[in-house]
Amino acid sequence: MAEIQLERHQEPAKLRIYIGAAPGVGKTYHMVNDAHLKRKQGVDVVIGLVEAHGRQETTTRFAILRLCPSA
């Protein structure tokens with residue numbers, strides 16, 4: 001019997017940018033939550049830059065995610 005072989009095509013990387021008109025509208029909060037959701041789905045998540053603005057909860061949430069080394 002013939003064997004079926006499936007080819008896996010890797011999807012190209014996607015860049016997501018969160019834009020808000022004012023501080024405190026939830027950009028970082030949504031980015032971190034989306035990153036955790038994608039990570040649970042098996043997606044390799046890397047954060048390029050994040051500023052917690054002194055918010056301890058935000059710092060705690062992104063601390064376990066992978067960050068790009070800064071130059």
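Count residues from 1 along the sequence.
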How about CD on Gln41, more than 12 heavy atoms from neighbouring residues, nucleotides or ligands closer than 6.0 Å, or not?
yes
Do Leu67 and Met31 sit in the same hydrophobic cluster, where Ile, Leu, Val, Met, Phe, Trp and Tyr count as joined when their side-chain heavy atoms come under 4.5 Å apart?
yes
Here the pair of heavy atoms bringing Gly20 nearest to Val25 is CA-CG2, 3.8 Å
Could you pull out the closest heavy-atom pair between Arg39 and Val45, with the gap in Å?
N-CG2, 3.9 Å
When you measure from the side chain of His53 to the backbone N and O of Gly24, does any donor-acceptor pair fall under 3.5 Å?
no
What distance do Arg61 atom CZ and Thr58 atom OG1 have between them, rounded to the nearest 0.5 Å?
9.0 Å
For residues Lys27 and Ile19, report the shortest heavy-atom separation together with the two atoms involved.
CD-C, 3.6 Å
Are Tyr18 and Val32 co-members of a hydrophobic cluster defined by side-chain heavy atoms under 4.5 Å apart?
yes
Indicate if Leu65 and Leu37 have the same hydrophobic cluster label, given that clusters are the connected sets of ILVMFWY residues with side-chain heavy-atom separations under 4.5 angstrom.
no
Does atom OH of Tyr29 have more than 12 heavy-atom neighbours, drawn from other residues, nucleotides or ligands, at distances under 6.0 Å?
no
